[in-house]
Structure formats: C-alpha cells, structure tokens
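Quick note on labels: first sequence line is chain A, next is B, and so on, each numbered from 1.
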Amino acid sequence: MTKTQPWAIALILMSTLLNATAQILYKLGADKFAFDIYSLATNYYVVAGLITYAVSAAIMIVALRYGELSLLYPIIATGYIWVTIATVYLLNESFNVYKLIGILMIIAGVSLIGLGSKERKSIPEGAA
Amino acid sequence: MSASIYAIIGVLFASILGAAGALFLKFGSDRLRFNFWSLLRNRFLYLGVLFYGLSTLMFIPMLRYGELSLLYPVASTTYIWVILLSSIVLKERIGKHKIAGICAIILGIIFLSIGN
C-alpha cells in the first residue's frame, strides 16, 4: 500500500483548482457558443478551458501515483468549493446559506478523510 | 428536485463508470514511467480516460430527464464507488474517518445543489 506523500495532496489540490478554472472558462465560452468546428476552434475560452483541463488531468494522474486512491480521490470534491467561490465572485451568482453549509461540509469531509489516513504506530507503546 | 427513475439509474451507472475510470487511472499511474514510449503503451491510462469519457457522455443526456439539482448529488455517489473499489481491489484501509468524510462530502454536495 502506498503511503500518501503530502505533496501528492498538494498536487491534487492544484489539479482541482485548474479543473475549476477550466469549468469557469467553459462557462464564459458558453455565451459565445455555436455548434460548428470553426466557431469552437476560435472560441478562446473553450480552447483555454480544454488546455487547462488537460493539464489538470495530467497533474492528477501523476499525483495518484504517490498516494492512496481513497485519500486522494475525495479531495477532488474541493473543486466544488473553488467553482462555487468563482461563480459568486466572477459571475455574480448569489451566495446563500446552503452554499456556505455545503462548502463547510465538504471541507469537513475532506479533513476527516485526511485524518483517517494517518498511519497508526506500528510499534505498541512500551515495546523494547 | 425531480427526475425520472431512468435518469437516476443512468447517472448511477455513469458514476460507477467514472469510479472504474479512476481506478484504472490509479493503476496506470502506479505503472507510470516518464518516457514517451511507456506513456503510449500504458493501457490503464487509456482505459481510465475511456471510462471517464464514457461516464461523462452518459451523464449529459440524462440531464434531459432530470433536474441537475437532483442528478448532481446522485453523481456524487462516485465517491462511494471509489471508496468501495479502493477497499476491495486496492486493499486500501478504509476506517470510520474516511466513511464519515465521504458522508460529509455527499451531504455538502447536496447542500450546494440546493443552494444553486
């Protein structure tokens, strides 16, 4: 079993930030959306979003190598937090108590999972 | 929040596909070597990307038959499937903290859906 390196967690967090960025870029590009190849290819937001998404996926794949899947994968849920914050500040969507509770619960959940991955001491107390 | 039962089942299935994709990516990542040829022949990476793609392709049409505010939380069951697969296939240790954490995350996603 791979012991999870702390910087694998940092990499996953970076990946989720990029993923959220990609989603915002898609959303911005959705305004100018048209279903033809030329329009899509020159839709800078969509193109930028795809590149950002590809980079985020690459970083995530590398990060998975250095940790447990059951610890690293749930951290992806923090992406919801970044997207929510971004849409509130950048796209002027409403912020409400439900979003606040949701964010806090995701933070709590990810923290619990991190707590649950601390390795227990292999040598019992008092052993010579 | 409403959705047809087919949409819910469809999203559940898409979530399982997504979890399988994550598992394949983990396999592929474990076997990762940073040279071009090895990357090209890493079958698990291909499988992972394929399953992730299928999962997304399945999810989008389901939105026609159900509201996002319900289907998004159903999609969050992916985290449950990943924990299950990690435990059974990867033999990772899943304690009560991880289980509680997943529950909190899913609740959080439900709240976010309500807030949207």
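Taking CD1 of B/I99 as the start and CD1 of A/I113 as the end, the distance is 10.5 Å to the nearest 0.5 Å. With values rounded to the nearest 0.5 angstrom, A/L115 atom CG is found 5.0 Å from B/H97 atom NE2. Here the CZ-CG distance, from B/R93 to A/L71, works out to 13.5 Å after rounding to the nearest 0.5 Å. Taking OH from B/Y79 and CD1 from A/I75, the interatomic distance works out to 10.5 Å, rounded to the nearest 0.5 Å. Here CG of B/L84 is found 11.0 Å from OG of A/S70. Values are rounded to the nearest 0.5 Å. Atoms CD1 and CZ, from A/I106 and B/F111 in turn, are 11.5 Å apart once rounded to the nearest 0.5 Å.
With a 4.5 Å cut-off on non-hydrogen atoms, B/Y52 touches chain A through its side chain but not through its backbone. If you measure heavy-atom distances from B/S29 to chain A, the contacts under 4.5 Å come from both the backbone and the side chain. Within the 4.5 angstrom heavy-atom criterion, atoms from both the backbone and the side chain of A/I76 approach chain B. Interface residue A/I103: backbone and side-chain heavy atoms are both found under 4.5 Å from chain B.
Taking a 6.0 Å sphere around CZ of B/R31, one finds it holds more than 12 heavy atoms contributed by other residues, nucleotides or ligands. In B/F44, the CZ atom is crowded: over 12 heavy atoms of neighbouring residues, nucleotides or ligands sit closer than 6.0 Å.
When all heavy atoms are compared, the tightest approach of A/R65 to B/L32 is NH1-O, 3.0 Å. Taking every heavy atom of both residues into account, B/A104 and A/G109 meet most closely at CB-CA, 3.6 Å. Here the closest heavy-atom approach between residue A/M105 and residue B/L107 is recorded as SD-CB, 3.8 Å. Annotation for A/K99 and B/N116: closest pair CE-OD1, 3.1 Å, computed over non-hydrogen atoms.
Using a 4.0 Å cut-off between charged nitrogen and carboxylate oxygen, B/K91 and A/E68 do not count as a salt-bridge pair.
Put simply, B/I114 and A/V88 are part of the same group of oily side chains (I, L, V, M, F, W, Y) that touch within less than 4.5 Å, one to the next. Cluster membership check: B/I105 shares its hydrophobic cluster with B/I80, using side-chain heavy-atom separations under 4.5 Å among Ile, Leu, Val, Met, Phe, Trp and Tyr. Both A/W7 and A/L64 are assigned to one and the same hydrophobic cluster, defined by single-linkage of ILVMFWY side chains at heavy-atom distances under 4.5 Å. Hydrophobic clustering (side-chain heavy atoms under 4.5 Å, transitive across Ile, Leu, Val, Met, Phe, Trp, Tyr) groups A/Y89 together with A/L17. Hydrophobic clustering (side-chain heavy atoms under 4.5 Å, transitive across Ile, Leu, Val, Met, Phe, Trp, Tyr) groups A/I81 together with A/L104.
For the set B/C103, B/G115, B/G28, B/A19, the entry with the most heavy-atom pairs within less than 4.5 Å of chain A is B/G115. Comparing B/I94, B/L45, B/I102 by heavy-atom pairs within less than 4.5 Å of chain A, the highest count is held by B/I102. Among A/V97, A/V62, A/L69, the residue making the largest number of heavy-atom pairs under 4.5 Å with chain B is A/L69. Put simply, of B/L85, B/L25, B/V82, the one with the most heavy-atom pairs under 4.5 Å next to chain A is B/V82.
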Check the pair B/T78 / A/Y73 against side chain to side chain contact (heavy atoms under 4.5 Å, CB included), numbers first and verdict last.
CA-CA 10 Å; B/T78 308; A/Y73 191 82; 3.4 Å; yes

Mind running side chain to side chain contact (heavy atoms under 4.5 Å, CB included) on A/Y98 and B/L112 for me, showing each step along the way?
CA-CA 6 Å; A/Y98 295 108; B/L112 280 182; over 6 Å; no

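Put simply, the side chain of B/K26 never gets that close to the backbone of A/I61: no donor and acceptor are under 3.5 Å apart.
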